[in-house]
Amino acid sequence: MRSRFLSLFFCLSLIPLAIPPAEAASLGEQRILYDQAKRALAKGDAGPYLRNRQALRDYPLEPHLAYDELTARLKSASNREIEEFLAEHGDLPQIGWMKLRWLRWLAERGDWRTFVDYYDPALNFTELDCLYGQYQLTHGRKAEGHASAEKLWLVGKSQPEACDTLFGLWAAEGQLSEQKRWQRLRLAADARNYGLATHLAKSTPSLEREGLLMVEVAQKPQMLLSQSSRFAPASERMGDVVGLGLRRLARQEPDKALALLDDYARRMRFSSEEKVAIAREIGLTLAKRFDSRALAVMAEYDPELRDKTVAEWRTRLLLRLGRWDEAHRLTSRMPQELASSNRWRYWQARSLQLAQPQSQQATGLYQPVARERDFYGFLAADRIQAPYQLNHKPMALDPRVMQKVRNTAGIRRALEFHARGQVVDARREWYHVSRLFSREEMVAQARLAYDMGWYFPAIRTISQAQYWDDLDIRFPMAHQGSLTRAARNRGLHSSWVFAITRQESAFMNDARSGAGAGGLMQLMPATAQETARKFGIPLSSPRQVYDPDTNIQLGAAYLSQVHAQFGGNRVLASAAYNAGPGRVRQWLRGADHLAFDVWVESIPFDETRQYVQNVLSYSVIYGHKLNAPQPLVEWHERYFDDQ
């Protein structure tokens with residue numbers, strides 16, 4: 001009997017639910033209606049949605065159904081209907097795709113007035129940008145149209161077909177010069193878009209020889225060694241060809257590229273852009289290997305510090321080589337954007353201190369930096385023996401602002417997706433609606449997520465608002481019991497394990513990197529399996545890595561292993577957790593009792609350098625929050641040698 005009853009119930013549950021117009025649907029009923037309508041719309045059937053639209057009218061996710069229903073018949077819908085939908089639901093995350101299709105059809109029909117009313121470069125569709133440029137050129141806005149066409153032309157990738165009309169109009173007006181064709185050819189070859197570069201070369205007879213040679217040498221830079229006669233006569237374009245070949249060769253065989261550089265430089269005419277590119281690629285390739293020959297290349301080919309990365313790496317290499325006085329002079333010449341950063345304000349003081357140990361001037365330079373709450377602020381505070389300035393100051397939020405944010409349609413949709421367990425959709429809504437908020441509203445949005453224990457969106461939103469002083473939201477005590485217990489079991493600082501987790505995933509339980517690392521502490525599958533085996537941690541399936549407690553146990557165990565490999569040094573272990581122990585040992589070669597701040601600054605990988613700086617800084621902050629103050633580095637971590 002019970003079996004027959006369950007079978008009957010199951011059959012009835014498959015019958016589409018319909019709510020009589022006079023009755024208000026409960027939230028549970030609306031969720032069922034939504035699911036039924038969503039499935040039907042995916043199959044091209046709008047019936048269930050249209051029959052129950054009234055019952056769903058106040059359901060937060062109803063706009064998604066309305067979007068699906070309208071986009072299915074968008075080409076036949078009137079402008080008025082689409083405009084009314086955009087006015088009511090223009091905040092949907094996917095609305096840009098509707099606008100793309102509609103604006104494309106408006107352009108095809110020649111309805112430029114409506115097109116211009118709704119075109120927005122922030123939509124970030126190149127096709128629409130090209131159509132707008134076409135409108136400019138054909139409606140008396142020549143100068144603007146020429147500027148639009150040039151911007152869209154000078155890229156190293158193929159553009160949508162819609163751009164062909166724009167480029168044709170632009171060329172017909174005499175704006176597409178041979179130099180602009182060469183610039184794009186060079187950009188395409190540089191970007192390894194050889195099909196486009198070859199097409200551009202063959203379509204312009206005057207550029208064909210040098211253009212095809214550029215494509216060839218970009219793919220086979222060893223040609224520079226054995227076929228030098230092909231790179232004559234000297235010209236600025238041939239200089240671009242040779243420069244690209246030298247830069248490509250430098251990545252494979254930097255010694256050979258460097259040996260050829262002087263010889264070709266005597267015979268070639270490198271453009272100013274190519275000179276900076278040489279400094280950036282050949283110079284940086286050598287600098288990141290701590291090769292002193294990089295200094296001459298960077299100084300000769302970018303003497304005016306036009307490239308910020310080159311300027312920074314010249315200074316880093318001087319620091320790594322212990323040439324303190326030269327490093328100090330270079331920090332004094334840096335562009336204002338670099339010179340005003342905490343990084344280079346600290347190194348101006350530190351390099352002066354190292355160059356002139358008896359000088360008292362460095363103390364005065366350290367003092368303003370020491371008031372900052374970041375890696376360099378904490379470094380400077382240690383140098384002058386001042387307390388760290390954490391500067392925790394939550395924003396005072398007006399309750400009316402909190403209520404406004406909570407009632408915003410996008411927030412209501414995000415919260416409903418979250419309640420349904422559709423976390424990816426919830427995050428998508430949450431991130432999109434931030435674009436519509438003021439700074440104060442974004443901080444209120446972050447506070448709302450924090451109060452829910454939804455930490456990753458809270459951290460992301462307050463960071464987008466660039467409000468850095470609320471340390472509760474930015475550094476939540478998520479999974480405190482599991483993290484402190486795992487740290488204690490492995491003999492690690494709890495603040496450090498918190499910091500690693502905060503840096504790795506910002507407490508997103510389901511985080512997954514492009515490389516395949518997963519979970520709170522971002523473990524690669526092979527690392528998780530090996531660590532589980534070695535430390536006796538149960539791991540029944542790869543999916544279990546996304547269980548917070550399991551992930552924390554595995555992550556802390558692996559971290560303890562790396563910590564032990566590097567003699568209990570968190571600086572080195574943090575770098576190894578991110579980049580691997582092998583690379584860290586490589587970067588330690590020739591360290592010769594190098595100070596930790598110099599070693600960290602000269603880490604070749606930008607990601608790893610920032611990672612180590614963040615982890616050490618976050619450890620200070622979490623030490624304070626755990627009532628277990630933690631210095632930026634311990635005494636035994638301040639110097640280390642080749643390991």
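For the single chain, residues carry numbers from 1 onward in sequence order.
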Treating [X] as the side-chain partner and [Y] as the backbone partner, does any N or O pair qualify as donor plus acceptor under 3.5 Å?
X    : Y    : value
S341 : E337 : no
W599 : W587 : yes
T204 : A201 : no
D302 : D307 : yes
E274 : S271 : no
R251 : E281 : no
H146 : E173 : no
R609 : E601 : yes
R323 : L318 : no
R570 : L632 : yes

(request) For side chain to side chain contact (heavy atoms under 4.5 Å, CB included), just list the numbers for D374 and W468, CA-CA rounded to whole Å, side-chain angles, deciding distance to a tenth of an Å, and then say yes or no. (result) CA-CA 11 Å; D374 68 359; W468 310 114; over 6 Å; no
Within a radius of less than 6.0 Å around [atom1] of [X], do more than 12 heavy atoms belonging to other residues, nucleotides or ligands occur?
X    : atom1 : result
Q361 : CD    : no
H199 : NE2   : no
R293 : CZ    : yes
Q179 : CD    : yes
E178 : CD    : yes
K180 : NZ    : yes

Centre of [Y]'s six-membered ring, under 6.0 Å away, within 45 degrees of the axis: is that where NZ or CZ of [X] sits?
X    : Y    : value
R345 : Y376 : no
R383 : Y366 : no
R439 : Y467 : no

(request) Using the side-chain contact (heavy atoms from CB on, under 4.5 Å) rule, pick out the option among L200, L212, D190 that qualifies with L185. (result)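 That would be L200; it is the only one of L200, L212, D190 passing the side-chain contact (heavy atoms from CB on, under 4.5 Å) with L185.
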(request) Before accepting this row, confirm whether a basic side-chain N of the pair D240/R237 lies closer than 4.0 Å to the acidic partner's carboxylate O. (result)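 No, no charged N to carboxylate O under 4.0 Å.
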(request) Please determine if K220 and E216 form a salt bridge, counting it only when a charged side-chain N lies under 4.0 Å from a carboxylate O. (result)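 Yes.
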(request) Could you give me the CA-CA distance, side-chain angles and deciding distance for R329 and D325, then say whether salt bridge (Lys or Arg N to Asp or Glu O under 4.0 Å) is met? (result) CA-CA 6 Å; R329 289 200 300 270; D325 192 56; 2.3 Å; yes
Starting at [atom1] of [X], measure out to [atom2] of [Y] and round the result to the nearest 0.5 Å.
X    : Y    : atom1 : atom2 : result
S177 : E150 : OG    : CD    : 8.0 Å
F167 : C130 : CZ    : SG    : 5.0 Å
Q348 : S332 : CD    : OG    : 4.5 Å

Please state whether the rings of [X] and [Y] are parallel, tilted or perpendicular, taking 30° and 60° as the class boundaries.
X    : Y    : answer
Y622 : F475 : perpendicular
Y639 : H593 : parallel
F596 : F375 : perpendicular

(request) Could you pull out the closest heavy-atom pair between V615 and S574, with the gap in Å? (result)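 Closest approach of V615 to S574: CG1-OG, 3.5 Å.
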(message) For R280 versus L284, what's the shortest heavy-atom pair and its separation?
(response)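 Reported closest heavy-atom pair: O-CB, 2.8 Å.
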(message) Within the 3.5 Å criterion, strictly below it, is a donor on Q353 or W324 matched to an acceptor on the partner's side chain?
(response)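 Not at all, the side chains of Q353 and W324 share no donor-acceptor pair under 3.5 Å.
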(message) What verdict does the side-chain hydrogen bond (donor to acceptor under 3.5 Å, both in side chains) test give for Q159 and W153, after you've listed the backbone C-alpha separation in whole Å, the side-chain angles of each residue and the deciding distance to 0.1 Å?
(response) CA-CA 8 Å; Q159 297 287 47; W153 174 264; over 6 Å; no
